[in-house]
Amino acid sequence: MVSRLYSKRNSVVKIGNVVLKKVALPQLARQEVLRLRLLEKHKVHVPYVLGSAGCYIFMKYVQGATLTDWLGQRERTRCEMEQVANRLAVWLYGFYKGVHHSKTGIILEDVNCRNFIVSLDKPILGLDFESFSHGTMEDNVGEIIAFVNSYDILEQNKYLFTQCFFEGASDILKLDTEQVLAAVQKANERIAQRRKSK
């Protein structure tokens with residue numbers, strides 16, 4: 001059975017238990033495979049790469065809901081929110097450690113909440129490592145908070161998740177909370193600008 005999976009930039013299809021991702025250029029595929037293997041080596045939960053050829057990457061399919069879908073499914077309890085928010089912060093900690101993040105170093109360029117797979121009984125799994133950027137951990141955490149607040153989901157879920165994630169990530173990643181709040185503001189402005197230009 002073949003089904004198309006959501007992706008803004010790429011063609012992504014699921015064939016049985018395999019995900020086939022087609023990127024624009026062969027070097028982007030090679031780069032993403034190297035990043036996935038580096039992160040896997042550092043015990044960061046990412047899709048297992050089965051192989052690649054040209055512009056195509058073959059990965060093992062992972063069951064679960066995206067963070068966006070999980071937040072939108074139903075009203076969540078504080079306990080559920082704390083669990084998922086802390087698991088996301090732990091995933092980010094592993095990611096930064098895996099890419100040897102210094103105070104200003106490599107961060108995720110696309111922190112869209114669709115790029116995280118959630119399951120209450122497993123660690124968070126991160127997707128889409130086509131492009132990295134340079135910045136601070138506070139930038140990524142601020143962007144995630146801003147994105148969650150921009151989604152059309154229950155207000156209670158937005159409030160609870162952003163509060164739990166802000167607290168959990170600040171503690172686990174030892175963040176400068178003022179810088180996180182400044183990053184939220186910058187990300188809010190970018191989101192508003194993007195929506196105006198549509």
Does the [X] side chain pair with the main chain of [Y], one donor and one acceptor, at a distance under 3.5 Å?
| X | Y | value |
| --- | --- | --- |
| K43 | E40 | no |
| N10 | V12 | no |
| W91 | H45 | yes |
| K158 | Y151 | yes |
| N86 | E82 | yes |
| R87 | K122 | yes |
| D139 | I107 | no |

Path from [X] to [Y] over hydrophobic side-chain contacts below 4.5 Å:
| X | Y | result |
| --- | --- | --- |
| V19 | L36 | yes |
| F95 | L67 | yes |
| Y48 | F58 | yes |
| V84 | V90 | yes |
| Y93 | I117 | no |

Which atom names give the shortest non-hydrogen contact between [X] and [Y], and what distance separates them?
| X | Y | answer |
| --- | --- | --- |
| A187 | A146 | CB-CB, 3.5 Å |
| L88 | I124 | N-CG1, 3.8 Å |
| S131 | E109 | O-CB, 3.3 Å |
| A29 | G54 | CB-O, 3.4 Å |
| S52 | V33 | CB-CG2, 3.9 Å |
| A183 | G142 | CB-CA, 4.0 Å |

Given side chains that start at C-beta, do those of [X] and [Y] come closer than 4.5 Å, heavy atoms only?
| X | Y | value |
| --- | --- | --- |
| I106 | Y96 | no |
| Y61 | K14 | yes |
| P47 | L125 | yes |
| K60 | N17 | no |
| I144 | T162 | no |

Interatomic spacing from [atom1] in [X] to [atom2] in [Y] - rounded to 0.5 Å:
| X | Y | atom1 | atom2 | value |
| --- | --- | --- | --- | --- |
| C113 | E143 | SG | CD | 10.5 Å |
| T68 | R114 | OG1 | CZ | 5.0 Å |
| E80 | L71 | CD | CG | 10.5 Å |
| I153 | R74 | CD1 | CZ | 13.0 Å |
| M59 | E32 | CE | CD | 6.0 Å |
| I191 | K186 | CD1 | NZ | 13.0 Å |

TODO: Check step by step if ring pair (Phe, Tyr, Trp, His ring centres under 6.0 Å) holds for F166 and F161.
DONE: CA-CA 8 Å; F166 179 78; F161 183 81; over 10 Å; no
Consider only side-chain N and O atoms of [X] and [Y], and report whether a donor and an acceptor are under 3.5 Å apart.
| X | Y | answer |
| --- | --- | --- |
| N149 | Y159 | no |
| Q185 | E189 | yes |
| R78 | Q83 | no |

- [ ] Would you sort out whether L173 and L92 count as a side-chain contact (heavy atoms from CB on, under 4.5 Å), showing the intermediate values?
- [x] CA-CA 8 Å; L173 298 170; L92 288 169; 4.3 Å; yes
Task: Ion pair D128/K21, N-O distance below 4.0 Å - done: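 Looking at K21 together with D128, the answer is yes, because their closest N to O distance falls below 4.0 Å.
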TODO: In sequence, state the C-alpha distance, the side-chain angles, and the governing distance for F165 and V141, and then conclude on side-chain contact (heavy atoms from CB on, under 4.5 Å).
DONE: CA-CA 8 Å; F165 183 59; V141 170; 3.7 Å; yes
TODO: Decide yes or no on side-chain contact (heavy atoms from CB on, under 4.5 Å) for V49 and R37, but give the supporting numbers first.
DONE: CA-CA 7 Å; V49 176; R37 289 190 170 141; 3.6 Å; yes
